[in-house]
**Q** 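Submitted below is the structure of interest, expressed as C-alpha cells.
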Amino acid sequence: MKVLVTGGSGFIGSHVVDVLAARGHEPVIFDRLRSPYGSFPTVIGDATDCGALEAAMAGCDAIVHLAAMADVNDVQADPEGAERANGRATLAVLEAARRAKVGRVVYGSTIWVYSDCPETAVDEDTRFVMPGHLYTATKLAGELYCRSYAELYGVEYTILRFGIPYGPRARDATVLAAFVKKAFAGEPLTVAGDGSQGRRFVYVEDLADGVERALAPQAANRVYNLAGNETTTIREIATTVQELVGDVEIVHTEARAGDFGGKEVSSERALSELGWQPRTPFAEGARRYVEWRRARDAMPAPRFAGLRTRTAAALAWRPQLRPALTALAVTAAFFWGFASDDGMSIIAKAFPGTKPVTAVDTSSPQVGLIVDAPTSIAPQVARELDREGAAASIALTGRASDRTITAIRAEGSDPVPRLRSGGPVRWIGTRTQIHRAAKDLGIDGHVYYAVPGTGFTLAQDLLGHTAGATPVSGGVKVPPYGRLGALQRGDLVEVSVPDGPGWREWVGSLCGQVRGHGLTAVSAATLLRSGPADR
C-alpha cells in the first residue's frame, strides 16, 4: 500500500514512516522539511496547499494526516496560525484526497477532545462539549471535516485520538523531553499546580503501530482512542526523571489555564477491532527516551566550525603569535587525524589499506550481514534471521552472558565485539578492548569488530591490526526500519535493529529484499573467509 504521510519528518510521523516501511508499505513523506531519520521519498510543501497535496497523492492508497501545530502553548500564542495549521490544513488534505480519489484519510486527533467533558471515564462514544481551549477546537474541527467529507463526497476516514505521545525524537517542548532537558542542565523541574494531573501517555513506537493498524478495512469511518493503559501524573514524571538522570530539584508553580485535567481514556475499541494495545510501560519508555537523548547529545558538533576565521583574526591582531599558533595548529591537525573518524576518512583516500573492510571480492551469491542490536534482543534477532534462512555477525558492546553468546551461535549467527567510538582518548585502549572482547566472546584467531555511528578512527584501525583484528564496516548501511538500496554480491551490510514494535517484521522484510537480489545473507566473518577483502 502506498501511503502519503503529512508531517512525516516530525516526531510521530517519522516513527509512522518507519513502521509502514517495516511492514511492506510504501511511505511517502509530505512535509516542509526533509526527514533526518532516514531516506524516504519526500515531497516538500505546505499542508494547506491543496494543489501540492493532490499532486503528491498520485498513486496513493491512503493518507496519514499528522501535520499540525501540536504545542498548546504555540496555539495559544498564535491562534490564527493554529487554525491554518490544524483546521485549514485538514480541510485541504480532505479536498485533495477527494480530487485524487484516495481511498482513506487517517486523521491524527487527540484525547484533548475529552478535556471539557464532565465524565471521568471516557471512550469514543462519549459526547464532547464545546471546547475551552483553541487547540481542542482546531482538532475537533478536523474531526468534523472528516465526517462531512465522508457524508458528502464518500471520502473514507479513520480518526485516531492520540494519547500524550513521548519517546525518542520528541520535541523538547513535550513534558518528558522538557523535564529531561532541564535535568541534564541541572535546572529544577517545574510542575504546574500540585502535579496530580493524570495523563494517559503512550510510547511513540506503540502509537505508530496503531496508526499502521488503522489502515485496515474494518477501520473505515471509525474513531479510535490510542492512549496508554496507565495514568501517570506530572509529579510521577518528575520523580521518574529524578531517578533516571539524577537528583534534581522539583518545584511547583501555578496551574496553567486550559490544562488537560486528565481522564480515564479507554482504548478497548482499538483492542477489539484492530488488535492494538500499548505495550510499553511509562517507566520503560522514559528510560529508552533518556538513553536516546544521551546518545543524541553525545554526537559531536561540526568540528572546528569557524576556526579559520578566528585564527585569521588572531594572526592579524598579534603578528608575534603566528609561530605559536602555527605550531598549535599543526599539533591539533595531527591529533585530529589520528584520533577522529574524519581524519580516518581523509587519510584512507591516500592509503586504502587503512580503511575498514566494506566488501569482499567473491563469486558466491552472498552478502555479509553486521547487525547492531541491543544485547537484550540479540538471540531473538539471530533466531528470526535463521527462520529467514539468513545469518549475521551480531555486534555486542561490552561483556555478554554465556547464555546470550550460546543462543546466538545456536541460531547460526556469530557474536563479534563492537568498539565504542574513538573519541579524543578512548582509542588508547583499543588493543586491550579487542583482546578482552575476544576472550569474553570466545573468539579464536581473527577478531572482527565494528564501530557504530561515526566509524573508526585511524588509531583504532592501526591498533586493531596490531591486535590481529580485521575492522569491518557496512558498505551498505540500513537505519532502523529503513530499506535496502543497491546491493551487490560481496557487500557488507550494516543493519541497526531497535528494540521496539515491528522489528521482527522489518528484519523479515530485509531478508526478503536480500533474496530479491538473488543473494543470501551470511555473517560478516563467513563472508570474509570467502575471498579477498575490498577496502
Side-chain angles (χ1 to χ4, degrees), residues 12 65-66 68 70-72 75-76 86-87 90 106-148 150 157-166 174-176 192-204 206-211 213-214 216 218-237 255-282 285:
I12 299 174
H65 178 43
L66 302 175
D71 190 312
V72 294
V75 170
Q76 190 166 344
N86 294 353
T90 303
V106 177
Y107 172 59
S109 187
T110 174
I111 61 170
W112 272 64
V113 300
Y114 302 115
S115 58
D116 296 287
C117 297
E119 296 88 350
T120 301
V122 295
D123 61 20
E124 294 86 351
D125 293 324
T126 301
R127 290 183 177 273
F128 47 78
V129 298
M130 299 292 284
H133 200 288
L134 185 63
Y135 174 69
T136 310
T138 61
K139 298 306 287 186
L140 276 175
E143 291 195 12
L144 296 173
Y145 290 155
C146 288
R147 177 66 184 274
S148 297
Y157 68 85
T158 301
I159 294 171
L160 302 177
R161 292 172 180 166
F162 296 159
I164 311 299
Y166 73 102
T174 58
V175 61
L176 176 63
D194 63 1
S196 62
Q197 311 95 298
R199 296 187 179 182
R200 286 294 175 104
F201 288 87
V202 58
Y203 188 60
V204 66
D206 293 343
L207 194 60
D209 170 47
V211 173
R213 289 172 184 264
Q218 64 268 26
N221 300 328
R222 297 289 283 164
V223 180
Y224 298 98
N225 295 325
L226 299 183
N229 53 15
E230 58 180 341
T231 299
T232 306
T233 67
I234 303 301
R235 185 171 56 247
E236 288 170 340
I237 299 171
R256 294 188 306 179
D259 201 2
F260 182 33
K263 304 288 183 181
E264 298 294 325
V265 182
S266 171
S267 300
E268 286 299 315
R269 179 184 290 180
L271 175 61
S272 62
E273 296 185 13
L274 305 180
W276 179 87
Q277 61 182 336
R279 301 182 182 277
T280 308
F282 180 80

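The residues of the chain are indexed from 1 along the displayed sequence.
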**Q** Go through the steps to decide whether V211 and L160 satisfy the test side chain to side chain contact (heavy atoms under 4.5 Å, CB included), and finish with yes or no.
**A** CA-CA 8 Å; V211 173; L160 302 177; 3.9 Å; yes
**Q** Once you round to the nearest 0.5 Å, how far does NZ of K263 lie from SG of C117?
**A**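 Answer for the NZ-SG pair, K263 versus C117, is 6.0 Å.
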**Q** Tell me whether the centres of the aromatic rings in Y166 and F282 are closer together than 6.0 Å.
**A**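 When the ring centroids of Y166 and F282 are compared, they turn out to be within the sub-6.0 Å range.
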**Q** Taking atom CG of L140 and atom CG of N86, what is their separation to the nearest 0.5 Å?
**A**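 Result: 11.0 Å between the selected atoms.
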**Q** Might you work through the side chain to side chain contact (heavy atoms under 4.5 Å, CB included) test for E124 and N225, ending with a clear yes or no?
**A** CA-CA 7 Å; E124 294 86 351; N225 295 325; 3.5 Å; yes
**Q** Answer yes or no: is there a side-chain heavy-atom contact under 4.5 Å between Y135 and T110?
**A**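 A side-chain contact exists here, since the closest heavy-atom pair is under 4.5 Å.
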**Q** Would you check if the side chain of T158 reaches a backbone N or O of A219 as a donor-acceptor pair within less than 3.5 Å?
**A**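 Yes, T158 side chain to A219 backbone: donor-acceptor pair under 3.5 Å.
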**Q** So, E143 versus S109: side-chain donor-acceptor pair below 3.5 Å or not?
**A**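 Indeed, the side chains of E143 and S109 share at least one donor-acceptor pair under 3.5 Å.
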**Q** Check S115 against W112 and note the closest heavy-atom contact, atom names and distance.
**A**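 The pair with the smallest heavy-atom distance is OG-O, 2.8 Å.
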**Q** Quick one: closest heavy-atom pair of P165 and I12, and the distance?
**A**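 That would be CG-CD1, 3.8 Å.
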**Q** Hey, are the side chains of H133 and Q76 touching, using non-hydrogen atoms and a 4.5 Å cut-off?
**A**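 Yes, close enough: below the 4.5 Å cut-off.
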**Q** According to salt bridge (charged side-chain N to carboxylate O under 4.0 Å, His left out), who are the partners of R279, at least two apart in sequence or on a separate chain?
**A**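 Partners of R279 under the salt bridge (charged side-chain N to carboxylate O under 4.0 Å, His left out) test: none.
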**Q** Looking only at non-hydrogen atoms, find the nearest pair between I111 and A227 and report the distance.
**A**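 Minimum heavy-atom separation between I111 and A227: CG2-CB, 4.4 Å.
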**Q** Just by distance, no angles: are the side chains of R200 and T231 close enough, under 3.5 Å, to form a donor-acceptor pair?
**A**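 T231 and R200 do have a side-chain donor-acceptor pair below 3.5 Å.
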**Q** Could you report the tightest heavy-atom contact between R213 and L274, atom names first, then the distance?
**A**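 Answer, listing the atom of R213 first, then L274: NH1-O, 3.2 Å.
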**Q** Tell me every residue that passes salt bridge (charged side-chain N to carboxylate O under 4.0 Å, His left out) with R235, counting only those two or more places apart in sequence or in another chain.
**A**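 Counting only residues at least two positions away or on another chain, R235 forms no salt bridge (charged side-chain N to carboxylate O under 4.0 Å, His left out).
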**Q** Output yes when a side-chain donor or acceptor of Q218 lies under 3.5 Å from a complementary backbone atom of E273, and no otherwise.
**A**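 Present.
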**Q** Ignoring hydrogens and angles, tell me if any N or O in the side chain of D116 forms a donor-acceptor pair with the backbone of V129 under 3.5 Å.
**A**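 Side chain of D116 to backbone of V129, a donor-acceptor pair under 3.5 Å: no, none is there.
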**Q** Roughly how far, to the nearest 0.5 Å, is CD of E264 from CG of N229?
**A**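 Spacing of CG (N229) from CD (E264) equals 11.0 Å.
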**Q** Provide the closest heavy-atom pair for L66 versus G108 in the form atom of the first, atom of the second, distance.
**A**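 Looking at all heavy atoms of both residues, the shortest contact is CD2-CA, 4.1 Å.
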**Q** Do you know which of Y224, Y114, Y107 makes side chain to side chain donor-acceptor pair (under 3.5 Å) with R161?
**A**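 Passing option: Y114.
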**Q** Looking at side-chain heavy atoms only, is the closest gap between L176 and F201 below 4.5 Å?
**A**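 Counting from C-beta outward, L176 and F201 never come under 4.5 Å.
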**Q** Which atoms form the tightest heavy-atom contact between T136 and V113, and what is the distance?
**A**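 Taking T136 first and V113 second, the nearest heavy atoms are CG2-CA, 3.7 Å.
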**Q** I'd like to know whether E268 forms a side chain to side chain contact (heavy atoms under 4.5 Å, CB included) with D123, so could you lay out the CA-CA distance, the side-chain angles of the two residues, the decisive distance to 0.1 Å, and finally the verdict.
**A** CA-CA 8 Å; E268 286 299 315; D123 61 20; over 6 Å; no
**Q** Kindly indicate, with the supporting measurements, whether the criterion side chain to side chain contact (heavy atoms under 4.5 Å, CB included) is fulfilled by Y157 and N221.
**A** CA-CA 5 Å; Y157 68 85; N221 300 328; 3.3 Å; yes
